[in-house]
Amino acid sequence: MEATLTTDILFYLFSAAILGCGLMAVTVKNLLHSAIALMGCLFGTAGLFLLLDHEFVALMQILVYIGGVVIFIIYAVLLTTHLGTRYLPASTLKYISGVTLAAIVLGLVLHIDPQATHTAVNPDRTATTIDAIGYRLLDGSTNGFLIPFEVISVLLLSAMIGAATIAKHQKPGATNDEDETGGSAS
Amino acid sequence: MIESSWMILLLPFISFIGGILFLHKQPKLAAGFSILCNGAAMVMALILAVGFLSSDDTGYHALAHTWSYDWFAITDTLTVSIGALLDPISIMMLVVITVISTLVHTYSIGYMENDASAGRFFPLLSFFVFSMLGLVIAPTLVQMFVFWELVGVSSYMLIGFWYHKPSAVAASKKAFIITRFADAFFLTGIILMATQFGSIGFDAINQGATAFSSMNTANPSFSLEGGAVQVFTALAAQEGSAGFLGLNLLSWATILIFIGGWGKSAMFPLHVWLPDAMEGPTPVSSIIHSATMVVAGIYLTARLFPVFAVAEYTLSVVEFTGAITALFAAIIACTQRDIKRILAFSTLSQLGYMMFSLGVADMEHTAGFTASMFHVFTHAFFKCLLFLSAGLIIHSVHSNDIALMGGLRKKLKGTYFVTLLAVCAIAGVPFLFSGFWSKEEIIMAAWSNGHQCSAIIGLLVGGLTAFYMGRYFFLIFHGEYRGDAHHLEHAHENKFMLFPMVLLAIPTIIAGYPMLTGHTFFNTVIPQATLPTHPDHSASWIMPVAIAMAIGGLLVAWLKYGRRAVSFDTPSTNIVYRCISNKFYIDECYIFVTKKIIFRCVAAPMKLCDDYIVDGIIHSSAAIMRGCAAVIRHWQNGQTHVYLGLMIIGLALLAWFGGAL
Amino acid sequence: MPFLLNCTWILPTLIALSLMFVPKQKVGVIRGMSVAGVLGILALVVSLIIAFLAGDYASPVGSAETTLAFSYRTPWFEAIGNQFYTGVDGFSLLMMLMASIIALCGVLVSWTITDRCKEFFILLFILLAGTFGCFISFDLLTFFLFNEITLIPTYLLIAIFGSGKKEFAAMKLNLMLFGGSALIILGMAGTYSATGSFDMIAIANNQSETLGSIAMWAFPALFMGFGILGSVFPFHTWSPVGHASAPTAISMFLAGVHMKLGGYGCLRAAIYLMPEGAQEWMPLFMVLATISVVYGAFIAIRQRDLKYINAYASISHVGLVTFGFATLTAVGLKGGVLQMISHGFVTAVVFALIGCIYGRTHTRNIDEMGGLMKKIPFLSVCFVLAGFAVVGMPGTSSFVAELTIFIAGFSGSLDDTLRLVCGALCISSIVITAVYVLRTVNSVVHGPLVDNGHEFTDARFIEKVPLIILLTCIFAMGLFPGWIIELAEQSLTPVVTNLGR
Amino acid sequence: MNLTACLSLSAILFSFGIFGLMTRRKIIAMLLAIELMLNAALINCVAFAYYAPAGADTDVGSILPIFIVAITSAEMAVALAVIVAMYRKRKVIDIERLEDLHD
């Protein structure tokens, strides 16, 4: 997308949404609220991806992340009755260390960022098509991602089975959760 | 005879080994065997002496080095060997030691007849004799040191012979450690002599020193050989050097060596072991005080006289030490009540005479040296006799305290008679007795060589000697018996004990007469030296004064103790008297220094330092490790947040140092 | 012959292996095999000495290269150019003779051990294998390896068979000795980096400037590394607690032989290989050695426990070894070697006696003993004789060794004040030694008999044998030290020559 | 809008994630914070692909997120299963009381 005033405005809007929701997600007391805030944050990110010409990623973000992972988090919050309601305040020391560490990392990263040498958008760039992604994923040659793709598939499968096994111990009904997880991941 | 002189050394050793291994359960056999061996050694020594006296060539090289065995090599040029150096003074000592040892062994049969461990006593006594014989025939400093140490060991075992008595054990330890203390200096001196003057042989050292001293005077050029050249060269190199602390190397070496003799001869202030050594059986005391051990220091000084004379100051130290000891011990002896302690202090005093007599001599005026050796010779017999008689008295009345004796002349007639002779000898009763001649000679030598102070001390001590020996004698034999009457009834004179005493009475009288015929002690120690000069008799007033002192001393003693009965009920409270009778509190000083200073202030802090500082550092290094581990372990407390935080810090550090910046 | 030489460590290993197959109930078989084993080792060493004396193996005067007898080398760890290189000279043979005699006595002293007897002897033989391996190695890495082998059985022997704070003692001992090993590795790495070789003789002949400059730090590392094993102040504190907790035979072997590996390494691996470093650093080690001598003796005065007394006495006497080495003269080195051998026998006999006496009194506190001469005369007489050997009486081996060392302190020019002061202090230690020895002897064997003393019985035959063997060795060496001195002198020629380069 | 702005955005989001991770005591909330951080990573991926120089392989900008999302899903599946199982078993969701790691 061309860099115009509109995109700038949109970028800052999305940024504000992302950061605002992100901050909420880590600060609000009710866990259900923070999950919803996270959802907002992810939506914002998806919008940012659209702004950056990555429609496929934006779509995946919404489908898989929001539709799968976050929904599942909400499920888990609801399943375990105490999770959502009772608030466990952290100690002051934890807040201080959290702020400090966050500041350290932020400072470090911001210190590195300005050194990024190449900041202009390549005028000849073309948006990545889904076809291209599919071909690259299944390409077994030097530039292809076939092996990682296979590995990820196996990893997902084993994670599914593992999750099912872990959760199955107590109640047979727990298998339902795993089915959903597996479904959302694929 | 000269070639087989090693037999004299070997016989007592055989007596020791045979006795200790096979005969310690049969005291009678052990005694017989010891007397046999020692008697044989005595005969051989006498033959040797007679052969020596009758030979024409009584010079230095006539008898030296009859045999030698290389023990071990220290460097290419320095080999420790064991051998024999036979010259007049060593032959004189051989005779004295073997005669006295034979008589003391005989005496011990009577003295130890009721003692269960007598079978151990005779071999040990023989070992003592063996050590002393090895010492006197030593041709080198190292051999002398070796036997010097063996004398220490054997005296340790004999003084502590009754090992179940704590006081005896303590006395033996004291004797050993004090002499060992002096020996450390002796050893240092020997090592300096060996490494810096290149020789440990007495001939070489003395020849070199003699040549050096005559080079300094008028008479140069001697033909030297072997180690003597090295000694001479080293001495010449030393000439005029300031050395260390203003003393040159030779003075250091000789004074260090002399300290060895200082300890062994119990000179003030290293004398404290000698009175305590009375805890041993009386035959041991008699042999220590007459022929062995204590005269070792005198003998050492005499042996190295030429080199001592060459060194600056050394002879002054010798003289000073001897004079102080003579006076000091005589004063203490006047107040003691223990029969053996009186004799012990009298020995100290007489040793002081011998020592300062050596100190007043020098290479030109050798009379003091001769007199000293002469006094060693005469003193050995009458002191041995005194101790043997004291042993018999103790054996009879079962007490050491002269306050519990008195009037014994009726019961112990033989003892009374021989003791009288010995007391006259040590007190210097004129003309008839040996002690008179030798003591006279010493004082004369001191005066005529310009050491008036020492001569006056000598005269004074002569008077004191007469007084305390008179006191000793009158309190024991005259007056009324003051002890337990029960013991007196059983008092008798054992014939094994009386016989050697009677024999010893003979030399007590006649040993002085060689003086009148002239003797050859000195020219043999100093090779190619001028003939001994007899003291000039210009100071002819000395003899009457000395006689007057002796008679006067005895007279005062008679007036105070002999004429009427003495009461011991109220000990004097006079502070001077108390101070003297407590031996000037020197023992207390020693205890203070050893217990309070060395043990408490040196050894104890060192132990604390070892336990808490040295070990503490080692332990604390372990503790620091453990502390670090505990801190690190504390981070691994299972709190996920801590892990996370650390992980983030780690990542940040990695990014920082990883070349990102 | 090279094979026979290597048998000195192969044989104990084989015995240890074969002991594993003996059922542990058959104590008699185990003891028999052990005695046969140490006798075999002793025979082996004696035959090696005879062969050595018969052959012409003396290093020529003025040569810097040790003439090795029965040398054998085979490549090993070729990647770093390392070889398995063994051989002997007179010095090693003397140490091996001493070690095998003490081992024999140690086995005899351990006769009464019944609890885990099999393990005890297996560990003892592994210790022996390591020790002999050290004495015959002429390759630094091999030497180091064998040295490490000795540490493991030492730990187990003390921790399992010891008494008192045995685990603590074993741990402290091993940790400190491993610390020493770390320093040794550092020094070895230094010499290796300079010369590219572990071959001791090659390194000794290497006169390159690189080695000379590396010696400035590699020498103190090596010397102190071995010095810890030789319990040089201030790293001596492992030895009192270690010796006190170890069982009798192990105390004998530790103080008698194992500690000597330290002195052996100091001479063989430090002074011989890096004479430049030695010249540079020796004043420091002379001071440390003198402190050890005087300090150990003073602390021995304050101790009450027999084993602690002897352990501190050992520190004092082993300090004399270091002092002898630190003079860097032919006499001093020879004296140090003699003192190593002499002290090995002396301390072994004292520990053996302490074991025997403890077996009767069940205490090692000298205040609780007394008058033993009356009830156990044989042991008491041996104790007195051993005491005189510690004091350094003429006729015992200590006198020969100590006199030689003291003479080294004053030989040559007297300009070196430090050496004079240290020498004088070392001589003064003979007085302190006399104080603690007599104090101990008097309160143990003299004085009134203790209350429970009436049921004490004198030594049995099996106890008498090791004591007699060791005392004979002490007196034999004291009276006829000639051939020992000759062997030591010959084998030290290259070291002395190297020092003068 | 430029690369620096995108990266700063992701950095801030990432630090929010860290803050959340350090201050939350409930395990699910911590997972949530992790999601934020992953999201920040995704933003980086896409931003780098968008601002890539000529000739760079920009497809990776789409493919890498696929992998990230897939791995995240797997991780979430297992983590949530563990959380649910643990909750059922121990009735504890407080991370500070789950200290079994140190033994």
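Remember, it's a predicted structure, so these values are computed and weren't measured experimentally. All heavy atoms count here, side chains included; hydrogens, waters and symmetry mates do not. Proteins come first, then strands; the chains are lettered A, B, ... in the order of their sequence lines, and each starts at number 1.
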Between the CD1 atom in I613(B) and the OG1 atom in T237(C), the distance rounded to the nearest 0.5 Å is 13.0 Å
Shorter than 4.5 Å, heavy atoms on both sides: which option in A194(B), C609(B), A182(B) has the most such pairs with chain C? C609(B)
Tell me, side chain or backbone of I617(B) under 4.5 Å from chain C's heavy atoms, or both, or neither? neither
Would the number of heavy atoms belonging to other residues, nucleotides or ligands and lying under 6.0 Å from CZ of F178(C) be above 12? yes
For T195(B) versus F410(C), what's the shortest heavy-atom pair and its separation? OG1-O, 3.2 Å
Name the region of I427(C), side chain, backbone, both or neither, that has any atom closer than 4.5 Å to a heavy atom of chain B. both
Comparing M157(B), H164(B), K165(B) against chain C, the one with the most heavy-atom pairs below 4.5 Å turns out to be H164(B)
Side chain from CB out, backbone as N, CA, C, O: work out which of these in A73(B) comes under 4.5 Å of a heavy atom of chain C, or both, or neither. backbone
I485(C), part contacting chain B, at a heavy-atom distance under 4.5 Å: side chain
Would you call V445(C) and Y163(B) a side-chain contact if the rule is heavy atoms closer than 4.5 Å? no
Parallel, tilted or perpendicular: which describes the rings of F145(B) and F399(C), with under 30° parallel and over 60° perpendicular? parallel
Checking heavy atoms, do the side chain of F406(C), its backbone, both or neither come under 4.5 Å from chain B? both
Output the distance between atom CD1 (I405(C)) and atom CD1 (I74(B)), rounded to the nearest 0.5 Å. 11.5 Å
First locate atom CE of M625(B), then atom CG of L175(C), and finally report the distance between them rounded to the nearest 0.5 Å. 10.0 Å
Taking L403(C), L449(C), T404(C) one by one, which has the highest count of heavy-atom pairs under 4.5 Å against chain B? L403(C)
Tell me, side chain or backbone of M373(C) under 4.5 Å from chain B's heavy atoms, or both, or neither? both
Working note: D615(B) + V241(C), criterion side chain to side chain contact (heavy atoms under 4.5 Å, CB included); need CA distance, chi angles, decisive distance, verdict. CA-CA 11 Å; D615(B) 223 12; V241(C) 64; over 6 Å; no
Side-chain (Q303(C)) to main-chain (K607(B)) donor-acceptor, under 3.5 angstrom: no
Where is the tightest heavy-atom contact between L150(B) and P394(C), given as atom of each residue plus distance? CD2-O, 3.9 Å
Residue part contacting chain B, namely of V391(C), when any heavy atom lies under 4.5 Å: both
Parallel, tilted or perpendicular, as decided by the 30° and 60° cut-offs, for the rings of Y156(B) and H446(C): tilted
Can any side-chain N or O of W71(B) pair as donor or acceptor with the backbone N or O of G478(C) at less than 3.5 Å? yes
Please output the residues of residues 434-443 of chain C in contact with chain B, using a heavy-atom cutoff of under 4.5 Å, in numerical order. A434(C), V435(C), L438(C), R439(C), V441(C), N442(C)
Closest heavy-atom pair, A184(B) versus V431(C), reported as atoms and distance to 0.1 Å, is CB-CG2, 3.6 Å
Which residues share a salt bridge (Lys or Arg N to Asp or Glu O under 4.0 Å) with K334(C), sequence neighbours left out: E489(C)
Closest approach of I598(B) to F298(C) (non-hydrogen atoms, all atoms of both residues): CG2-CE2, 3.7 Å
My understanding is that only residues two or more places apart in sequence, or in another chain, count here; which of them pass salt bridge (Lys or Arg N to Asp or Glu O under 4.0 Å) with D115(B)? none
Please classify the contact between F185(B) and chain C as side chain, backbone, both or neither, with a heavy-atom cut-off of under 4.5 Å. neither
Report which part of L192(B) has an atom under 4.5 Å of a heavy atom belonging to chain C: side chain, backbone, both, or neither. side chain
Does any heavy atom of chain B fall under 4.5 Å from the side chain of K374(C), the backbone, both, or neither of them? both
Among F168(C), F235(C), W238(C), F233(C), residue most engaged with chain B (heavy-atom pairs, under 4.5 Å): F168(C)
Sequence neighbours excluded, which residues qualify as side chain to side chain donor-acceptor pair (under 3.5 Å) partners of T327(C)? T329(C)
Top contributor to chain B contacts, counting heavy-atom pairs under 4.5 Å, from G370(C), G335(C), G447(C): G447(C)
Scored by heavy-atom pairs under 4.5 Å with chain B, the best of V331(C), I432(C), I301(C), V400(C) is V400(C)
Pair H236(C)-V614(B), side chain to side chain contact (heavy atoms under 4.5 Å, CB included): steps then yes or no: CA-CA 9 Å; H236(C) 61 272; V614(B) 178; 3.8 Å; yes
